[in-house]
Visitor: 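Here's a structure for you.
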There are 2 protein chains.
Amino acid sequence: MHTPTQLQEIIEEAIPQIVYPNHPNNLYEPIRYIMSLGGKRIRPVMVLMAAELFTTDINKALDVALAIETFHNFTLVHDDIMDNAPLRRGKATVHEKWGVNNAILSGDVMMVESNKHLSKVDILVLKPVLDTFNATAQGVCEGQQLDMEFELRNNVSIDEYIEMIRLKTAVLLGGAMKLGAIVGGASTADADLLYKFGENLGIAFQLQDDILDVYGNPEKFGKQVGGDIISNKKTFLHLKTLALAQEHEVDSLTSIAIDQDVKVNQVTQLYNKYEIKELATIEMNKYLSKATAALDSLAVADEKKNNFRELVQQILKRDS
Amino acid sequence: MHTPTQLQEIIEEAIPQIVYPNHPNNLYEPIRYIMSLGGKRIRPVMVLMAAELFTTDINKALDVALAIETFHNFTLVHDDIMDNAPLRRGKATVHEKWGVNNAILSGDVMMVESNKHLSKVDILVLKPVLDTFNATAQGVCEGQQLDMEFELRNNVSIDEYIEMIRLKTAVLLGGAMKLGAIVGGASTADADLLYKFGENLGIAFQLQDDILDVYGNPEKFGKQVGGDIISNKKTFLHLKTLALAQEHEVDSLTSIAIDQDVKVNQVTQLYNKYEIKELATIEMNKYLSKATAALDSLAVADEKKNNFRELVQQILKRDS
C-alpha cells in the first residue's frame with residue numbers, strides 16, 4: 001500500500017500529463033494554470049486511498065481521481081468569481097488574470113473535462129460512477145448556493161449551517177471516497193460506508209477550521225487569526241454564540257469592526273464566556289465518531305485502515 | 001413515424017415533468033424558468049428524429065433529447081451573462097432576474113442535470129453517448145470562446161468565422177443527430193453521417209441567419225433588420241465585404257452608427273455592389289450540399305429521410 005504522501009506524488013505527476021487542446025489558448029490556459037497551483041490534493045488522494053482498500057492496481061482509480069480534482073478546481077474558479085476573490089493559493093485568481101467571462105467559460109469546460117476523465121472508467125462501473133459523481137456535483141452546487149444565501153440572512157440556524165458545510169465541503173470528500181471504492185471493486189455496502197466516513201470527516205474538518213480561525217496557533221496559521229470574526233462570517237462559533245448570548249452581547253458579533261484587534265478580542269472573550277470552543281469541539285467529535293464508526297464497520301482488514309485512522313488523528317491534532 | 005411537430009409536442013410535454021429538487025429554491029427555479037421559455041426545441045427534436053430512423057421506440061431517446069435541451073439552455077444562461085443580455089425570448093434573462101452569481105451557479109447545476117439525463121441511457125450505448133456528448137459540449141464552449149475573442153479582433157478571416165460558427169452552433173446540431181442515432185441503434189457509420197448532416201446543416205443555417213439579418217422580410221423578421229450591421233457584427237457578409245471592398249469603402253462597415261437607418265442603407269448598398277448576398281448564398285449552398293450528400297449516403301430507406309430533406313428545404317425557403 002502507498003502512503004498518502006506517495007499517492008499525492010502520483011497525482012502531482014499525473015496532472016501535468018493531462019492533455020488539453022491548444023486552441024483556443026485562452027480557454028485552456030486557465031485550466032493548466034489553476035490545476036498547477038497545487039494544494040494538498042486531498043480529494044484525489046482520498047479517491048486513490050479508498051480504491052487501494054479493494055485493489056492493488058490504483059491505476060484503475062486515476063481517471064476518477066483526476067475527474068474529482070478537476071471538478072474541485074472548477075468549483076474554485078467559479079466560486080472565486082462569485083466571491084470576487086483576488087487571490088487563490090497566493091496567486092491571482094483566474095478571473096483576475098483572464099476576466100470574468102473567460103473564467104466562467106474555462107470553468108464550464110473544466111466540468112466537461114471532469115466528465116471526460118470519468119467516462120474512461122471500466123464500463124462495468126461506469127453507471128454507478130456517473131451516478132455518484134453527479135449526485136456529488138449537484139450537492140456541491142447546492143452548498144455554494146446556500147453559502148451565498150446565508151450571507152444575506154440573519155436567522156441561519158446551526159442545523160442549516162451544518163447542512164450547508166455538509167453540501168459545500170463534505171459531500172465532495174464523501175463522493176471522492178465512494179468513487180474510489182467503486183472503481184476499486186468494493187461492495188455497495190462498503191462504498192456507502194466510505195461515503196459516510198468521508199462526509200462526516202469533512203464536516204468535522206470544517207468545524208475544526210472554524211475553531212482554528214479563532215484558536216489556531218498564530219505562528220503556523222497561514223491566514224489572519226480571527227479573519228472570520230472580522231468579516232462577521234456565520235461560522236458554527238458565531239451562530240452558537242448568537243443562540244446563547246444575551247441581547248446586549250450580540251452587537252459585538254455583528255457590528256462592523258472599527259478596530260480589528262479590539263473586535264477579535266471582544267468576540268473571543270464572548271466565545272470564552274459561553275465556552276464556544278468546547279461546544280464546537282464536542283460537535284466536531286460527534287462527526288469524527290460517526291466517521292470512525294463507519295470505518296470500523298468496513299469489511300476490510302484492520303491494518304489496511306491505518307491511513308484512514310491517521311486522517312482522523314490529523315484533524316484532532318492540527319493546530320493550524 | 002412522427003412528424004417534427006409531433007416530436008416537438010413530445011418534448012414540450014416532457015420538459016415540465018422533469019423533477020428538480022425544491023431546495024435551494026433559488027438554484028432550481030431559474031432552471032424551471034429558462035426551460036419553460038419555449039423556443040422551437042429544434043435540438044431535442046433532432047435527437048428524436050435521428051433515433052426514429054433506427055427504432056420505433058423513441059422513448060429510448062427521450063433522456064438524451066432532454067440532456068441536449070438542458071445543455072443548450074445552460075449555454076444560453078451563461079452566454080447571456082457574458083453578453084450582458086437583458087432579454088431572452090422576450091423575457092428577462094436569468095442573471096437579470098436572479099443576479100449574476102446565481103445565474104452562474106444555476107447554469108453549473110444545469111450541466112449536472114444534463115449529465116444525469118444522459119446517464120439514464122441503456123448501458124450498452126452509455127460510453128459512446130458520453131463520448132459524443134462531451135466532445136459536443138467541449139466544441140460549444142470553444143465556439144463561444146472564439147466568438148468572444150473575435151469581438152476584440154480586427155483580422156478575423158472567413159475560415160476562422162466558419163470554424164467559429166461550426167463550433168458555437170453547428171456542432172450541437174451534429175451532436176444531437178449523432179446521439180439520437182446512437183441510442184436508436186445506428187451503425188457507427190450512419191451515426192457519423194448524421195453528425196455530418198447536422199453539422200453542415202447548422203453552418204448553412206447560421207449563414208442564412210447572416211443573410212436574413214440584412215435581406216429578410218421585415219414584416220416577418222422578429223428582430224430589427226440590419227441589427228448585425230448596426231452592431232458591426234463580424235458576420236460572413238461583413239467579413240467577405242472587408243475582404244473585397246476598397247479601403248475607402250471599409251469605413252462604413254466598421255464605424256459607429258450615428259444614424260442607424262443611414263448606416264444600414266450604406267452598408268447594404270456596399271453589400272449589393274459586391275454581390276455579397278449571392279456569395280453568401282453560394283457558401284450556404286455548399287454546406288447544404290454536404291448535408292444532403294451525407295443524408296444520401298445514409299443506409300436507411302429513402303422514404304424515412306423525408307423529414308430531413310424537409311429541414312434542408314426549410315432553410316432554403318425561409319425568409320425570416
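All values below were derived from every heavy atom in this structure, side-chain atoms included, with hydrogens, water molecules and symmetry-related copies excluded. Letters go in sequence order (proteins before strands), and every chain restarts at 1.
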Visitor: Any chance CG of A/Leu87 has more than 12 other-residue heavy atoms, nucleotides or ligands included, within less than 6.0 Å?
Guide: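 For A/Leu87, atom CG is crowded (more than 12 foreign heavy atoms under 6.0 Å).
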Visitor: Looking at B/Lys168, B/Arg166, B/Lys234, which one forms a salt bridge (Lys or Arg N to Asp or Glu O under 4.0 Å) with B/Asp147?
Guide: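 Single salt bridge (Lys or Arg N to Asp or Glu O under 4.0 Å) partner of B/Asp147 among B/Lys168, B/Arg166, B/Lys234: B/Lys168.
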Visitor: If you measure only the distance, is there a donor-acceptor pair under 3.5 Å linking the side chains of A/Glu29 and A/Tyr33?
Guide: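 On atom types as modelled, these side chains do not qualify, holding no pair under 3.5 Å.
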Visitor: Looking at A/Asn102, A/Leu167, A/Leu118, which has the largest count of heavy-atom pairs under 4.5 Å with chain B?
Guide: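 Heavy-atom pair counts peak at A/Asn102.
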Visitor: So, do B/Tyr287 and B/Ile162 sit near enough that their side-chain heavy atoms are less than 4.5 Å apart?
Guide: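 A side-chain contact exists here, since the closest heavy-atom pair is under 4.5 Å.
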Visitor: Counting heavy-atom pairs under 4.5 Å with chain A, which one of B/Asn134, B/Ile123, B/Val140 comes out on top?
Guide: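 That would be B/Asn134.
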Visitor: I'd like to check B/Glu142 versus A/Pro21 (side-chain heavy atoms, cut-off strictly below 4.5 Å). Are they in contact?
Guide: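 Contact flag for B/Glu142/A/Pro21 side chains = yes.
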Visitor: Could you tell me which portion of B/Leu130 (side chain, backbone, both or neither) has an atom closer than 4.5 angstrom to a non-hydrogen atom of chain A?
Guide: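 Interface part for B/Leu130: side chain.
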Visitor: With a 4.5 Å cut-off on side-chain heavy atoms, are B/His238 and B/Lys233 touching?
Guide: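 No - every pair of side-chain heavy atoms lies 4.5 Å or more apart.
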Visitor: Counting only non-hydrogen atoms closer than 4.5 Å, does B/Asp131 touch chain A with its backbone (N, CA, C, O), its side chain (CB onward), both, or neither?
Guide: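 The answer is the side chain of B/Asp131.
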Visitor: What residue, out of B/Ile81, B/Val100, B/Val112, has the most heavy-atom pairs lying under 4.5 Å from chain A?
Guide: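 Option with the top pair count is B/Val112.
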Visitor: Between B/Phe74 and chain A, with a heavy-atom cut-off of 4.5 Å, which part of the residue counts as in contact: side chain, backbone, both or neither?
Guide: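 For B/Phe74, side-chain heavy atoms alone lie under 4.5 Å from chain A.
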Visitor: So which residue, B/Asp108, B/Asp83, B/Ile104, ends up with the most heavy-atom pairs under 4.5 Å with chain A?
Guide: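 Of the candidates given, the most pairs with chain A belong to B/Asp108.
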